[in-house]
Visitor: 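Have a look at this one.
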Amino acid sequence: MREGGHIPIEQTVHIPQDIVSLCVQWSAGLDNLTENASRISYMKQKLPDLIADRALIRGILNNIAAGASYPDIHYAGMFDSEIILYRDPNRLFSLRIYLWDALEYDPVHDHNSWGVIGPALGDLEVINYSREDDGSRKNHARLAECGRKLVLQGDTCSVLPLDPGIHRTGNPNDRPIVQVGVYGAKLTDRNYVNTYDLVSGKISPLFAPPVKKRVVACKVLSFIEE
Ligand SMILES: [Fe+2]
């Protein structure tokens, strides 16, 4: 087990101490675990405490509304709704908050890691899909819906990495909701997640906007150099 408790100073400057304290505790707990199932089980025990902390959630929302330096709303992640709250210095996990306006959903997608997610305000819809194809057709998948649930405020659900965890999340309500999620260490070196078109079957990478600009620039350069 590594020594716990040391966080690089540059990461702690603007992070509320109560979030740092929780995350340092989670890091020590996760560091002892070797299976994704036990990591998910651990976070399903721990995350509800944060989700239920109305003062903490309200404080984060106040900061976002005010454009405060924490959390950094200018960091461009893959999902529009997503804001990063904390990254474990040893990359064991990250803590993220998601702001969903009424009736907003993300595309059908996979993840590069395990996750535990749940709504802190309102109810979150999670739709799971299974792959029905044999993977032989490049960048195509045939998906079938295999589960749909409403995760109630305060509850959590797990996300599996890659194909077993293909899903779509969003807000079925006519008012905004707030979701929190913890995602584990990346299992691949992908700098994107896959998104799936249910009609055409096409699989497309979803990059964070700055990464996409670099990827496309590289593609253009390859044409120029040919
Ligand atoms: Fe997701």
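Atoms within a ligand are numbered from 1 in the order they appear, just like the ligands themselves.
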Visitor: Is it true that Val151 and Val180 fall in one hydrophobic cluster, defined by side-chain heavy atoms closer than 4.5 Å?
Guide: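 As far as the 4.5 Å side-chain criterion goes, Val180 and Val151 are not connected within one cluster.
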Visitor: Does anything in residues 123-145 pair up under ring-ring contact (aromatic ring centres under 6.0 Å, His included), and if so which pairs, sequence neighbours excluded?
Guide: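 Every candidate ring-ring contact (aromatic ring centres under 6.0 Å, His included) pair involving residues 123-145 fails, so no pair, neighbours aside, qualifies.
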Visitor: I'd like to check the side-chain hydrogen bond (donor to acceptor under 3.5 Å, both in side chains) partners of Glu145; sequence neighbours left out, ordered by chain and number.
Guide: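 Testing Glu145 for side-chain hydrogen bond (donor to acceptor under 3.5 Å, both in side chains), a comparison that skips the adjacent residues, returns Arg148.
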Visitor: Does any part of the side chain of Trp114, heavy atoms only, come nearer than 4.5 Å to the side chain of Met43, both counted from C-beta?
Guide: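 Sidechains of Trp114 and Met43: in contact.
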Visitor: Run the salt-bridge test on Asp123 and Lys149 with the 4.0 Å N-O cut-off and return the result as yes or no.
Guide: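 Lys149 and Asp123: not salt-bridged.
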Visitor: Work out how many protein N, O or S atoms lie closer to the Fe ion (ligand 1) than 2.8 Å.
Guide: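 N, O or S atoms of the protein closer than 2.8 Å: 3.
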Visitor: Of all residues at least two apart in sequence or in a different chain, which pass the side-chain hydrogen bond (donor to acceptor under 3.5 Å, both in side chains) check with Thr34?
Guide: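 Expected list: none.
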